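Just so you know, these numbers come straight off a predicted model, no measurement behind them. Chain naming here is simple, since letters A, B, ... match the order of the sequence lines and numbering starts at 1 in each.
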Amino acid sequence: MLQQTQVTTVIPYWKRWMRTLPTLQKLARAKPARILKLWEGLGYYSRARNLQSAAQKIVTEHAGIFPNEPEQIRELPGVGRYTTGAISSIAFGQAEPIVDGNIVRILTRIFGIQQNPKEKKTQEKIWQLAQTLVSAAKDCSSLNQSLMELGATVCHPSQPECENCPVARSCAAKREKNTHLIPARGKPIRYEDKEIKVYLLAHNGKILLQQRPEGITNAGFWELPNNETGPEITLPKRARPITSAKHNITKYRIKLNAYSIKPGPFKGRWFTFSDLRKFPVSAAHRKILKFLEPHVSRTIE
DNA sequence: AAGACGTGGAT
DNA sequence: TATCCAAGTCT
């Protein structure tokens, strides 16, 4: 859950997840839709699918016992170099290094590394430093967590609080007033705005939703019919316009048209708003639906 | 190697 | 509002 996600965002999800799926066996056997619902709103949903696959792998290949060898941990789906080190050092107390966004910032600044940390060569250098530090540590778990915590609370991306930094006197970036240049940034990836037409078809307080197919972004979520995942909708004459609007949601620009219409030959499933509490709906469509709810209630005859 | 993957917090 | 970034991984 913590991969590319802030701790404060994760905490309520983690509590709910652990309450619902407290054991590896329950996670392994859970329905995918339940997993998706528990993860709803966190993003990067392959993490959730991978986590269940990992649980299943542990049940079938490790007799249900979480492996403690880094090589075996690394084989679990969704577990990369960072997570392997985090589990090995924090859960099992082993001297394995970790490098997350915080530690990249800490180490490049302290050691004055000006190369772009995205480059493979630079990455290897940073991992090597992390390895050296954790190898010398008395408490590997605390060392790794302390480095991350220092990055999160003091060594901010911009305007680091060097006055409050316990290792300020060892920091090359502070000494050379380089903290705004280190770590170096590559060119950011640009995403094009997409314009999507979304339709609200409502009748008697129910709305038509469709499920996103496997293999695409936000697979499995229920959402309003739209021309991204389905064909352009041709509306029957009996459709009555209710409202229309434009929304900017993340990288999407959404044109929205809402109609009051009797159930007809449409693909999908009709939901009341209270039905939706049990079904996964993407964050973008949650926002749209919140805006539309008052209009839907007016379609009740 | 470069890009996709999601969403929300912070500036 | 725009941009960056978050306890990264996979292709």
Side-chain angles (χ1 to χ4, degrees), chain A residues 1-14 36 38-51 53-54 73-91 96-108 116-124 126-127 130 134 140-161 180-194 212 214-221 223 228 247-253 280-288:
Chain A
M1 282 184 179
L2 287 163
Q3 292 168 356
Q4 294 287 284
T5 308
Q6 293 182 348
V7 176
T8 52
T9 305
V10 163
I11 288 170
Y13 283 87
W14 183 81
L36 194 55
L38 282 165
W39 209 274
E40 177 188 284
L42 262 186
Y44 286 148
Y45 299 99
S46 63
R47 292 180 297 177
R49 294 188 292 270
N50 284 335
L51 197 52
S53 302
I73 295 171
R74 181 67 180 79
E75 299 283 315
L76 298 170
V79 177
R81 197 172 179 182
Y82 161 80
T83 305
T84 300
I87 295 172
S88 301
S89 64
I90 297 172
E96 295 293 327
I98 64 178
V99 174
D100 74 332
N102 291 305
I103 295 183
V104 166
R105 203 160 55 246
I106 296 277
L107 296 183
T108 52
N116 184 342
K118 297 275 186 200
E119 292 169 14
K120 190 160 189 183
K121 208 177 143 193
T122 314
Q123 279 206 24
E124 219 35 64
I126 296 169
W127 276 95
V134 78
C140 307
S141 169
S142 295
L143 183 276
N144 281 341
Q145 292 188 68
S146 300
L147 289 174
M148 292 191 289
E149 195 67 7
L150 186 60
T153 59
V154 176
C155 195
H156 308 292
S158 58
Q159 311 244 321
E161 301 172 42
H180 63 297
L181 299 175
I182 300 178
R185 282 113 79 157
K187 60 171 196 285
I189 300 168
R190 294 289 169 197
Y191 295 94
E192 287 191 23
D193 286 351
K194 277 191 199 170
R212 289 177 74 87
E214 295 306 305
I216 66 168
T217 301
N218 285 345
F221 282 108
E223 62 181 18
E228 186 196 11
H247 280 243
N248 282 311
I249 293 176
T250 63
K251 60 180 168 175
Y252 301 112
R253 180 171 304 126
V281 176
S282 69
H285 283 254
R286 282 242 169 253
K287 288 175 188 164
I288 299 170

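Per the geometry, NZ belonging to A:K287 stands 8 Å off P belonging to B:dT7, to the nearest Å. B:dG3 atom P lies 17 Å from atom NZ of A:K120, rounded to whole Å. The interatomic distance linking A:R105 (CZ) with C:dC4 (C1') rounds to 11 Å, in whole Å. Summarising the geometry, the separation between NE2 on A:H180 and P on C:dT3 is reported as 20 Å, rounded to the nearest angstrom.
An OP1 or OP2 oxygen of B:dT11 is reached within less than 4.0 angstrom by no side-chain nitrogen or oxygen of A:S158. At C:dC5, none of the side-chain N or O atoms of A:N102 fall inside 4.0 Å of OP1 or OP2 (strictly under the cut-off). For the pair A:R185 and C:dC5, the criterion of a side-chain N or O lying under 4.0 Å from OP1 or OP2 is met.
No side-chain donor-acceptor contact under 3.5 Å links A:R105 to the backbone of A:P183.
Residues from residues 2-10 of chain A lying near DNA chain C, meaning a heavy-atom separation below 4.0 Å, are A:L2, A:Q3, A:Q4, A:Q6, A:V7 in numerical order. Within residues 82-91 of chain A, no residue has any heavy atom under 4.0 Å from DNA chain B.
Between A:A152 and A:P77, the one whose closest nucleotide on DNA chain C sits nearer the 5' end is A:A152.
Nucleotides B:dG8 and C:dC10 place their C1' atoms 23 Å apart, quoted to the nearest Å. One C1' atom belongs to B:dC5, the other to C:dC5, and the distance between them is 15 Å to the nearest Å. Rounded to the nearest Å, the gap between the P atom of B:dG3 and that of C:dC4 is 15 Å.
Checking A:E96 against A:T84 by side-chain atom types alone, no donor-acceptor pair falls below 3.5 Å. Looking at A:N50 and A:R47, their side chains never bring a donor and an acceptor atom within 3.5 Å of each other.
Nearest nucleotide to the side chain of A:Y45, out of B:dG6, C:dC10, B:dG3: B:dG6. Minimum atom distance to the side chain of A:I189 is reached by B:dG3, of the listed B:dG3, B:dT7, C:dA7.
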